[in-house]
Amino acid sequence: MLDLRLIREEPDRVKAAIASTYTDAPIDAILAADERRRALLTEVEALKAQLNAGSKDVGKAKDPAEREQLILAMRELGDRIAALDEEVKAVDARLHDLMLHVPNMPLPHVPVAPDESGNVVISEHGAKRTFDFTPKPHWEIAEDLGIIDFERGVKVAGTRFYFLRGDGARLQRALITWMLDLHTRDHGYQEVYPPYLVHAQTLEGTGNLPKFAANLYRDIDEDKWLIPTAEVPVTNLYRDEILEEAELPIYHVAYTPCFRREQISAGRDVRGIKRGYQFDKVEMVKFVHPDKSAEEHQRLIGEASDVLRLLEVPYRVLQLSTGDLGFAAADKVDLETWAPGSQEWLEVSSCGRFEDFQARRANIRFRPTGGGKPRILHTLNGSGLALPRTMITIMENNQQADGTIRVPEILVP
RNA sequence: GGAGAGGUGGCCGAGUGGUUGAUGGCAGCUGUCUUGAAAACAGCCGGGUGAAAGCCUCGCGAGUUCGAAUCUCGCCCUCUCCGCCA
C-alpha cells in the first residue's frame, strides 16, 4: 500500500509511476474519497466533541429539569452523529479497498518497458556446457531413470502434478536441506517453519489479496488459504508489531511447498516439472531499516546467486523492467539458469525490494533507537531457490551419455 | 466438537454506566546523588489521525444509553476438563 499522504500531495508523481508499470490505479477515485472522508471527519468530530462535553455536563447536572433539557439536546446530536458515522464508515471502506488495489511504484532506476522484453541482463555466470551428445530434456532423463512419475501424478491429483520417486525425491530433499543450511550457516538467516494455510488478512499484507484471489487455492468452508509462497506467512510474522531498531535487520529463511492456481493456457509449459500447481521453494525474507533497502537487496541477490554458483550451473542475472515487476515490488532482479535440454533460461529466483509497500499493509514498524514515533520498516524477499527448476538445471546440465545424472559436488556427502 | 473460565497499555494487575485513555506495581527512559554502578528520590513512559484543538482505540463487530472498559447479542482467541486424532 502506498502512503495516502503521498497520493494526496503528489498525485501526478504517483500517477506517472503507476503508468510506467503499464497498469491502472484508481488514483482519482482515491483523491475524491479521501477529500470526502476528511470533510466528513471534520464535521462529525466537531459534533462528537460537543457530545462528549455535553454528556459530561449531564453527569454533573443536579437540577432534574436542566438534566432533561440536556439529555434531549444530546439525543438529537447523537442521531446526527450516527448518520454521519455511517457515511464515514462507507467512505472509509471504499477508500481502503481502493488503496489495496494500487500497485507499488517502481524505483527510478528500473527500466521502463511494458513487459519482460524490456528486462536487462546484468551479468552471466558459468559457461554453458558443450555436449558430445544431444542433451535431453529433463522429462526424458527423469522418466528413463524412474525418478519422476508424471502419469501417476496426474492420476492422483490431476494435470501438472507429479511424483518424485527414489533418488529424485532424495535429490530434492538434499537440495532443500543444503539450501537451508547454506542460508542459516553462511548468510545469517534464522530458519522458520511457517503455516501453509493462512487467513485472508495475511495474504492482504503481502499484496496477494484482494487482487489475485484467482491464483490461490482456498478452503471453501473456512477463511483458510494455501500459501503461494513462504513470503506470505513469513512476511506476516511480525504483522501489527513494533520492533526495536536495534533488532534490525532480521533475516528469515523458510522451506515450504507453494500452491498456485496458474491461470495459464493449456499446452504451455506442460512438459516436465517447470510449472506445477504445487512446488517447493526455499525463501529468504528480510526486515530492514528503510535506509538499508538498497544494500540489502544487493546482498540478497548475492545470497541467492551463491546457491547457483555452488551448484556449478550456468546462470544469469536479470534486471526486470517496470512492466514485469508485479504488483508489490518496487524493484526486482531475477536469476535464471540455463537448461540445455529444454533449451531455455529458467527463472529460479526472484529477488524483490518492496520498500514500505508490504510493511504498511501488514503494519510492521520499528521504534527508532532513542525513541520517537514508530516508523514503517522495509521488506525484501528472494527465492533461494525454487526446487523444481533447480532440479531441472541439475538434471539437464549434469546428464551424462549413459543417461545418468552426476550429483553436484557440493551435495556429495 | 462439548462444558466451564477468561481476554484491559511491553509485562503483571485495578476498574460501582458519568472529569477513566484508564489506579497501582514491574520493566524502560531522563535527572539528582555516585569515580562508576546499585539504592533512594523526582520526572517521563501505548497506538492511530491531525498543524493544533480535537476525534478514535480496553480482543473484533453490532446493539442499549445523553454517556459503555463497565450492560446485551454474535464472532475470534487463550486457558482448564471431556471427546477425537498424527
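Here is the naming used below: chain letters follow the sequence lines, and residue numbers restart at 1 for every chain.
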Determine the Euclidean distance between corresponding P atoms of B:A69 and B:U57; express it in Å to zero decimal places. 7 Å
Check this for me, if you would: do A:D356 and A:R375 make a salt bridge, where the nitrogen-to-carboxylate-oxygen distance has to be below 4.0 angstrom? no
For A:I242 and A:R8, take the nucleotide of RNA chain B holding the closest heavy atom to each; which residue's nucleotide lies nearer the 5' end? A:I242
Distance, P atom - from B:G74 to B:A3, rounded to whole angstrom: 13 Å
Are the charged groups of A:D92 and A:R37 less than 4.0 angstrom apart, N to O? yes
Calculate the interatomic distance between A:E244 atom CD and B:G46 atom C1'; express it in whole Å. 13 Å
Determine the Euclidean distance between corresponding P atoms of B:G59 and B:U8; express it in Å to zero decimal places. 7 Å
Contact under 4.0 Å: A:R5 side-chain N or O vs B:G50 OP1/OP2: yes
Considering only atom P, compute the distance from B:U30 to B:U80 and round it to an integer number of Å. 40 Å
Just the rounded figure in Å: distance from P of B:G67 to CG of A:L72. 12 Å
Same-atom distance (C1') from B:C11 to B:C45, integer angstrom: 14 Å
For B:A38 versus B:C29, give the span between their P atoms, rounded off to a whole number of Å. 10 Å
Presence of A:R38 side-chain N/O under 4.0 Å of B:U49 phosphate oxygens OP1/OP2: no
Between A:N104 and A:Q358: side-chain donor-acceptor atoms closer than 3.5 Å: no
With a 3.5 angstrom cut-off on both distances, give the Watson-Crick or G-U wobble partner of B:A69, or none if there isn't one. none
Should B:C58 form a Watson-Crick or G-U wobble pair with both distances under 3.5 Å, which nucleotide is its partner? none
Just to be sure I understand the geometry, which residues of residues 45-53 of chain A put a non-hydrogen atom under 4.0 Å away from RNA chain B? A:E45, A:K48, A:A49, A:L51, A:N52
5'-most by nearest nucleotide on RNA chain B - A:M74 or A:K89: A:K89
For residues A:Y162 and A:Q278, report the shortest heavy-atom separation together with the two atoms involved. OH-O, 4.4 Å
Counting the benzene-type ring for Trp, do A:H187 and A:Y251 have ring centres under 6.0 Å apart? no
Restricting to nitrogen or oxygen on both sides, can you table the protein-nucleotides 15-19 of chain B pairs closer than 3.5 Å?
| from | atom 1 | to | atom 2 | distance (Å) |
| --- | --- | --- | --- | --- |
| B:G18 | O6 | A:R67 | NH2 | 2.7 |
| B:G18 | N2 | A:S55 | O | 2.7 |

Gap between atoms CD and P, on A:E222 and B:C75 respectively (whole Å): 14 Å
Should the pair A:R316-A:D334 be classified as a salt bridge under the 4.0 Å nitrogen-to-oxygen rule? no
Between B:U20 and B:G13, how many Å separate the two C1' atoms, rounded to a whole number? 16 Å
Nearest-Å distance, CG (A:D240) to P (B:G48)? 12 Å
Between B:C71 and B:U65, how many Å separate the two C1' atoms, rounded to a whole number? 10 Å
Which nucleotide, if any, forms a Watson-Crick or G-U wobble pair with B:A5, using both distances under 3.5 Å? B:U78
Criterion side chain to side chain contact (heavy atoms under 4.5 Å, CB included) on A:T337 and A:T390, from CA distance to verdict: CA-CA 8 Å; A:T337 181; A:T390 305; over 6 Å; no
Counting only heavy atoms not in A:R239 (residues, nucleotides, ligands), do more than 12 fall under 6.0 Å from its CZ? yes
Would you please classify the geometry between the A:F161 ring and the A:Y277 ring as parallel, tilted or perpendicular, with 30° and 60° separating the classes? tilted
Is the phosphate of B:G47, meaning OP1 or OP2, less than 4.0 Å from a side-chain N or O of A:R365? no
Whole-Å distance between B:C11 P and A:E241 CD? 11 Å
For A:S321 and A:E116, test the side chains for any donor-to-acceptor distance below 3.5 angstrom and give the result as yes or no. no
Roughly how many Å is it from CD in A:E68 to P in B:G67, rounded to a whole number? 13 Å
For A:N363 and B:U57, what is the distance between atoms CG and C1' respectively, to the nearest whole Å? 13 Å
Mind calculating the distance between CZ (A:R75) and C1' (B:U65) to the nearest angstrom? 9 Å
Please assess A:M105 against A:L2 for the test side chain to side chain contact (heavy atoms under 4.5 Å, CB included), listing each intermediate value before the final yes or no. CA-CA 8 Å; A:M105 295 163 57; A:L2 297 183; 3.9 Å; yes
